[in-house]
There are 2 protein chains.
Amino acid sequence: MAPTLAVSTVIFALRPDERSSAAVGTRPQLWLPLVVRLRDPFDGRWALPGGPLREDEGLADAASRTLLETTGLRPNYLEQLYAFGDADRPGAEHGRVVSVVYWAMIGAEEAHLATTGQNVRWLAADRLPDLAFDHNRIVDYALWRLRTKVEYSRIAHAFLGETFTLRELREVHEVVLGKPVDPANFRRQVEASGAVVPTGQVRTGGRHRPAQLYRYDTAIEPVDLGPLAPEPQKSPTSTEETP
Amino acid sequence: MAPTLAVSTVIFALRPDERSSAAVGTRPQLWLPLVVRLRDPFDGRWALPGGPLREDEGLADAASRTLLETTGLRPNYLEQLYAFGDADRPGAEHGRVVSVVYWAMIGAEEAHLATTGQNVRWLAADRLPDLAFDHNRIVDYALWRLRTKVEYSRIAHAFLGETFTLRELREVHEVVLGKPVDPANFRRQVEASGAVVPTGQVRTGGRHRPAQLYRYDTAIEPVDLGPLAPEPQKSPTSTEETP
DNA sequence: CCAAAAGTGTTCGCATTACACCCATGT
DNA sequence: ACATGGGTGTAATGCGAACACTTTTGG
């Protein structure tokens, strides 16, 4: 029998730490939505959102659809993670499945609008129970990819809203990397990258100097995708090279 | 109808440049084996080696098998590249296919032992014709991955034999990156990485000082795979961490 | 002796790091 | 006033790029 093809998605969002019952000094944390399985194998266990690939639907489309169905949201960033298809994957006794897994980042505003359906629950990424199949391993890999990519790319803003302060952006780095980041050096690096432009607006409210609000420069690709990058659209406003 | 699942492999080897009819000063070049298609779609065009995934066979196993069947060789390095499954992939009219693509590196000794079957031919990677399906794009992506990975990993030796001189290793970098590399700095960087150990042997023959032969230190992983790295085998000689 | 590549030493510039310091706001 | 984070300045460090230089072989 030919292996079944499925698409799953590891969905990350930054949410306030609800573990310590709203104590002071709570940093946000990485959360991800999981779905409870209603049949064997792994009946009753938590699993990544996903399902079979529909006809006339691309792999990334399937990931987006799954994401929308389980959370009601659209991601700020979506990337293929890996195709898992070993013959000895856990659960293969009930039918062999090849899973193409994507991972996604959800913005701050969207994150707390998420519809948590009956079978869906958000869990803290660093305190997951035993998941169905090899999904713990998959989440570990997605976390690793998120961390390495935050270090050398400009994707951290995908956890935030349209505008954000450099403190907020730095906090994303700190939470993802799990270590403090020097504010002064972080500011200079981000500014030097040119990936971010000041809006002129400021965010007040703290008992301190208001912080400049920035917006991500959409002219800059957050990640170097190489030849997988989509063909540049021939819009009249696009910057052409040697016309 | 459910999409078919196939596994293809982009196989790279370094071979002497045969284009300039054995002229002097010929640098080696990147070559890859392709298979001619014998039916529609793309009848008569060159395509990547591959085929359907067999039952009870892992994805990487299928890639290895394909590689063995088309070249008679086993790779020094094999890595999953990407899963291509857009609904509008070229050739989808004749049945939708989701391709999990791997890429591989072949050693120097093996490379010229390759059996070139009736339907197989090696072509220079930088002068490919129009291939079947979206295989040009796939090869471009594999080349990009090879280049970026050579820059930050220690995989270049996979194009060479058991032992090699630093000049040979440097030449791999130069061919792959397409630019000259400073011999002095290259030597120091490689030595500092500890990825390579001198054998005590030297290679003579040139009209110059003999070069030290090195061997790759198998205790060092060539690439940081993160959580995808295979579980360390509990061999008695393995280095355990705080038992 | 000479050509050619192996191998060593040294300097320069740049990016990252660490940390001291001033600025602006709410209480 | 002062606590708090926003924002700037600057010296120390490390690393890679560039390149001069010595060494050892084959012819």
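Within every chain, numbering begins at 1; the chains are lettered A, B, ... in the order of the sequence lines, protein sequences first and strands thereafter.
- Rounding to whole angstrom units, CZ of residue A:Arg188 and P of C:dA15 are separated by 13 Å.
- Distance NE2 (A:His173) to C1' (C:dT17): 16 Å, rounded to an integer number of Å.
- The CG atom of A:Leu166 sits 14 Å away from the C1' atom of D:dT8 (whole-angstrom rounding).
- Along DNA chain C, the nucleotide closest to B:Glu191 and the one closest to A:Arg207 are compared, and the more 5′ of them pairs with B:Glu191.
- Each of A:Val101, A:Leu143, A:Leu131 was scored for a side-chain contact (heavy atoms from CB on, under 4.5 Å) with A:Ile138, with one residue passing: A:Val101.
- When heavy atoms are screened at a 4.0 angstrom cut-off, A:Ala192 is found touching no nucleic acid atom at all.
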_Check against side chain to side chain donor-acceptor pair (under 3.5 Å), B:Arg145 and B:Tyr141_ = CA-CA 6 Å; B:Arg145 185 92 139 243; B:Tyr141 184 45; 2.9 Å; yes

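- Residues A:Pro210 and A:Asn185 both approach DNA chain C. Their nearest nucleotides, taken by heavy-atom distance, put A:Asn185 toward the 5′ side.
- Side chains of A:Ser99 and A:Val7 form no contact here, defined as non-hydrogen atoms less than 4.5 Å apart.
- The phosphate of D:dG7 (OP1 or OP2) has a side-chain N or O of A:Arg187 nearer than 4.0 angstrom.
- Residue B:Ala184 has its side chain nearest to D:dC19 when only C:dA6, D:dG6, D:dC19 are considered.
- We find that A:Arg215 and A:Glu162 are joined by a salt bridge, their nearest charged nitrogen and carboxylate oxygen being less than 4.0 Å apart.
- Atoms CD (A:Gln212) and C1' (C:dC23) sit 15 Å apart, rounded to a whole Å.
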_side chain to side chain donor-acceptor pair (under 3.5 Å) between B:Glu79 and B:Tyr77, intermediate numbers included_ = CA-CA 7 Å; B:Glu79 179 189 303; B:Tyr77 183 78; 2.3 Å; yes

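- For the pair B:Glu168 CD and C:dA5 P, the interatomic distance rounds to 14 Å; values are reported in whole Å.
- One interatomic measurement links the two molecules: CD of A:Gln189 to P of C:dC14, which rounds to 17 Å at whole-angstrom precision.
- Sequence order on DNA chain D of the closest nucleotides to A:Asp182 and A:His208 puts A:His208 first from the 5' end.
- At whole-Å resolution of the value, CZ in A:Phe186 and P in D:dG6 are 12 Å apart.
- In this entry the distance linking CD of A:Glu174 with C1' of D:dG5 reads 13 Å, nearest Å.
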